[in-house]
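All values derive from a computational prediction rather than experimental measurement.
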Amino acid sequence: QVQLVESGGGLVQTGGSLRLSCAASGRTFSRYAMGWFRQAPGKEREFVGAISWSGVSTNYADSVKGRFTISRDNAKNTVYLQMNSLKPEDTAVYYCAAGKNTWAPGDYDYWGQGTQVTVSS
């Protein structure tokens with residue numbers, strides 16, 4: 001079992017930055033790839049990016065590539081999402097998830113409760 005808690009969301013102006021954290025409980029954290037997803041009002045949950053269990057491999061949605069960076073610290077059971085050059089269309093609830101290193105939400109077994117990110121224009 002893995003429990004996930006996101007933090008770091010908030011209100012930021014266009015062009016600003018935020019760093020989200022996802023703290024995991026459980027000794028098996030390092031066995032899982034970790035993904036970040038987001039969901040805006042009235043829209044489906046969409047893939048943002050993912051990182052392999054070792055942290056060596058990452059992949060991102062085209063919409064955030066070059067602006068967002070995922071990293072993890074297995075010693076701290078934490079994964080991060082650094083978001084730079086934020087745009088109003090990045091406004092959403094952001095979720096971290098533990099599972100396979102894919103873009104598909106169905107491949108992730110555990111989810112956090114989400115943290116709101118709002119980018120003002």
[X] versus [Y]: any side-chain heavy-atom pair under 4.5 Å?
| X | Y | answer |
| --- | --- | --- |
| M34 | C22 | yes |
| D90 | R67 | yes |
| K100 | Y32 | no |
| V12 | T118 | no |

- Measure the acute angle between the ring planes of W111 and Y95, then classify it against the limits of 30° and 60° as parallel, tilted or perpendicular. perpendicular
Report yes or no: does [X] contribute a side-chain atom to a donor-acceptor pair with the main-chain N or O of [Y] at less than 3.5 Å?
| X | Y | answer |
| --- | --- | --- |
| E6 | Q113 | yes |
| R19 | Q82 | no |
| T14 | S120 | yes |

- Query: Looking at F37 versus Y108, is the centre-to-centre ring distance below 6.0 Å?
  - Reply: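 They qualify: ring centres under 6.0 Å apart.
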- Message: For Y60 together with F47, are the ring centres under 6.0 Å from each other?
- Response: no
Of all heavy-atom pairs between [X] and [Y], which one has the smallest distance, and what is that distance?
| X | Y | value |
| --- | --- | --- |
| I70 | A50 | CD1-N, 3.3 Å |
| S85 | S17 | N-OG, 4.3 Å |
| L20 | M83 | CG-CE, 3.8 Å |
| T91 | A40 | O-CB, 3.7 Å |
| V117 | G9 | CG2-CA, 4.2 Å |

Please determine whether residues [X] and [Y] belong to a single hydrophobic cluster, defined as Ile, Leu, Val, Met, Phe, Trp and Tyr linked transitively by side-chain heavy-atom distances below 4.5 Å.
| X | Y | result |
| --- | --- | --- |
| Y80 | L18 | no |
| I51 | F68 | yes |
| W36 | W53 | no |

Just verifying a value: how many Å separate [X] [atom1] and [Y] [atom2], rounded to the nearest 0.5 Å?
| X | Y | atom1 | atom2 | value |
| --- | --- | --- | --- | --- |
| S30 | N77 | OG | CG | 7.5 Å |
| E89 | S121 | CD | OG | 10.0 Å |
| L81 | T69 | CG | OG1 | 8.0 Å |

- Under the side chain to side chain donor-acceptor pair (under 3.5 Å) test, residues paired with S7 that sit two or more places apart: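 Scan of S7 (side chain to side chain donor-acceptor pair (under 3.5 Å), adjacent residues dropped) gives none.
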- Item | Pair T78, D73: side-chain N/O donor-acceptor within cut-off below 3.5 Å |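 Distance-only check fails for T78 and D73.
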- Query: Any side-chain donor paired with an acceptor under 3.5 Å for D107 and N101?
  - Reply: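 The criterion, which ignores hydrogens and geometry beyond distance, is not satisfied for N101 and D107.
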- Task: Give a yes or no on whether Q116 atom CD has more than 12 heavy-atom contacts from other residues, nucleotides or ligands under 6.0 Å away.
- Result: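 Atom CD in Q116 is crowded, with more than 12 foreign heavy atoms closer than 6.0 Å.
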- Query: Which is it for Q1 and Y110 under the side chain to side chain contact (heavy atoms under 4.5 Å, CB included) test, yes or no, and what are the steps along the way?
  - Reply: CA-CA 8 Å; Q1 291 282 343; Y110 303 101; 3.5 Å; yes
- Message: Walk me through whether Y94 and R38 qualify under side-chain hydrogen bond (donor to acceptor under 3.5 Å, both in side chains).
- Response: CA-CA 4 Å; Y94 283 71; R38 65 187 182 186; 2.9 Å; yes
- Task: Evaluate the side chain to side chain contact (heavy atoms under 4.5 Å, CB included) criterion for residues V2 and S25: first the C-alpha distance (whole Å), next the side-chain angles of each, then the deciding distance (0.1 Å), finally the verdict.
- Result: CA-CA 6 Å; V2 177; S25 64; 5.7 Å; no
- For the pair K65 and D62, find out whether any cationic side-chain nitrogen is under 4.0 Å from an anionic carboxylate oxygen.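 Between D62 and K65 there is a salt bridge, with a charged N closer than 4.0 Å to a carboxylate O.
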